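Working notes, structure below.
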Amino acid sequence: MINPEEFLKFLKSRRSIRNFLDKMIADKDLEMILEAGRWTPSAFNRQPCQFIVIKNNEFLQEISKTAIWGKFMKRAPIAIAIVGKIKTSPKWYIQDTSLASMNMMLMAWSLGIGTCWIGSMDREKAKELLSLGKDDFLLTILPFGYIKGNIPKPTLRKPIEQIKKEI
Ligand SMILES: Cc1cc2nc3c(=O)[nH]c(=O)nc-3n(C[C@H](O)[C@H](O)[C@H](O)COP(=O)(O)O)c2cc1C
């Protein structure tokens with residue numbers, strides 16, 4: 001088991017990264033990120049996630065244009081589209097894909113690889129480019145790359161008194 005203090009420190013150290021080195025992700029690192037996604041819990045263990053690894057730079061440039069607040073994706077060496085197969089888990093595909101994203105983001109951070117959840121995108125256009133259909137839910141496309149420059153300063157969090165309630 002991981003030391004809990006260390007684990008919390010690790011969670012607190014993670015930042016969204018929007019600048020990446022011009023260096024391909026090592027196969028071993030990519031494998032670790034995908035394994036973290038694969039080992040995500042899912043409702044009834046239905047595992048509705050599919051991960052589309054985008055390595056083709058030309059394609060990455062094209063799909064970056066669909067990311068309204070994520071154009072920086074074009075600077076990443078790879079990106080992974082997180083897809084939920086709606087029919088596999090009609091009630092829980094959003095939760096399952098979200099958890100997979102977080103697992104992959106944390107694994108990336110442990111490897112010195114930065115990423116950032118891209119929420120605002122032209123999903124229909126992105127789905128079309130990825131040849132996805134109506135039964136596919138495109139949660140996000142996560143860009144992954146070794147961190148360029150300084151790690152951004154910690155973002156603020158609400159104080160615990162503001163978000164905790166006891167009954
Ligand atoms: C659901 C979700 C959607 C997000 N969408 C975007 C986005 O479209 N573009 C972007 O630059 N950051 C996006 N972010 C990143 C957040 O801005 C970031 O997580 C937040 O400011 C806290 O910073 P931190 O991740 O460095 O702690 C998103 C994060 C989440 C969880």
Side-chain angles (χ1 to χ4, degrees), residues 1-18 20 25-55 60 63 66-70 72-73 76-124 126-127 130-147 151-152 154-158 160 162-165:
M1 281 291 162
I2 301 176
N3 173 293
E5 301 292 332
E6 283 299 313
F7 184 56
L8 186 59
K9 213 163 112 186
F10 169 74
L11 289 181
K12 287 184 178 182
S13 74
R14 185 209 51 81
R15 300 273 90 76
S16 288
I17 299 296
R18 299 175 178 87
F20 309 101
I25 301 281
D27 287 346
K28 181 83 189 94
D29 288 352
L30 176 58
E31 209 179 288
M32 293 287 275
I33 292 169
L34 292 169
E35 273 299 277
R38 191 168 77 91
W39 276 93
T40 303
S42 64
F44 302 103
N45 201 20
R46 288 216 176 131
Q47 305 171 57
C49 296
Q50 186 187 36
F51 309 124
I52 305 176
V53 182
I54 304 166
K55 285 184 172 173
L60 192 67
I63 205 151
T66 67
I68 298 156
W69 292 106
F72 54 86
M73 185 161 74
I78 70 157
I80 302 180
I82 314 288
V83 178
K85 296 286 171 194
I86 298 173
K87 283 189 172 163
T88 305
S89 189
K91 269 180 75 176
W92 304 107
Y93 61 89
I94 297 176
Q95 289 84 346
D96 293 344
T97 46
S98 298
L99 289 176
S101 287
M102 192 71 234
N103 263 15
M104 292 162 93
M105 287 165 66
L106 290 175
M107 175 54 79
W109 192 250
S110 80
L111 295 162
I113 292 171
T115 183
C116 177
W117 189 310
I118 295 172
S120 59
M121 67 173 81
D122 179 347
R123 264 184 189 66
E124 284 318 305
K127 277 180 65 174
L130 290 162
S131 305
L132 295 172
K134 65 169 176 44
D135 297 326
D136 299 313
F137 169 70
L138 176 61
L139 178 80
T140 182
I141 303 175
L142 297 174
F144 288 98
Y146 297 106
I147 302 163
I151 290 171
T155 45
L156 293 176
R157 292 296 184 268
K158 292 177 184 173
I160 192 70
Q162 207 178 319
I163 57 172
K164 180 187 156 199
K165 191 176 159 185

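Remember, predicted model here, so these are calculated numbers, not experimental data.
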All N/O donor-acceptor pairs, side-chain side in residues 108-117, below 3.5 Å, sequence neighbours left out:
residue, atom, partner, partner atom, Å
W109, NE1, S13, OG, 3.0
S110, OG, M107, O, 2.7
T115, OG1, P143, O, 2.6

Quick one: does [X]'s side chain have a donor or acceptor within less than 3.5 Å of a partner on [Y]'s backbone?
X	Y	result
K85	D135	no
R123	S120	no
S101	T97	yes

Does atom [atom1] of [X] have more than 12 heavy-atom neighbours, drawn from other residues, nucleotides or ligands, at distances under 6.0 Å?
X	atom1	result
F10	CZ	yes
N45	CG	yes
Q162	CD	yes

[X] vs [Y] side-chain heavy atoms within contact, under 4.5 Å:
X	Y	value
Q47	T88	no
Q95	P48	no
M104	L34	yes
I25	Y146	yes

Open item on the list: Testing I86, D96, V83 one by one against F137 for a side chain to side chain contact (heavy atoms under 4.5 Å, CB included), which residue passes?
Closed with: I86
Nearest heavy atoms of [X] and [Y], plus distance in Å:
X	Y	answer
T155	R15	N-NE, 3.8 Å
A36	N103	O-ND2, 3.0 Å
C49	A100	SG-CB, 3.8 Å
M121	A67	CB-CA, 3.8 Å
F72	W69	CE2-O, 3.4 Å

Open item on the list: Go through it in stages, so that I can follow the logic: the residues are S98 and L139, the test is side-chain contact (heavy atoms from CB on, under 4.5 Å), and I'd like the CA-CA distance, side-chain angles, deciding distance and then a yes or no.
Closed with: CA-CA 7 Å; S98 298; L139 178 80; 3.7 Å; yes
In Å and rounded to the nearest 0.5 Å, what is the [atom1] to [atom2] distance from [X] to [Y]?
X	Y	atom1	atom2	result
L142	I118	CG	CD1	7.5 Å
M73	T66	CE	OG1	5.5 Å
L138	L130	CG	CG	6.5 Å
I33	K28	CD1	NZ	11.0 Å
I151	R14	CD1	CZ	11.5 Å
I147	R18	CD1	CZ	12.5 Å

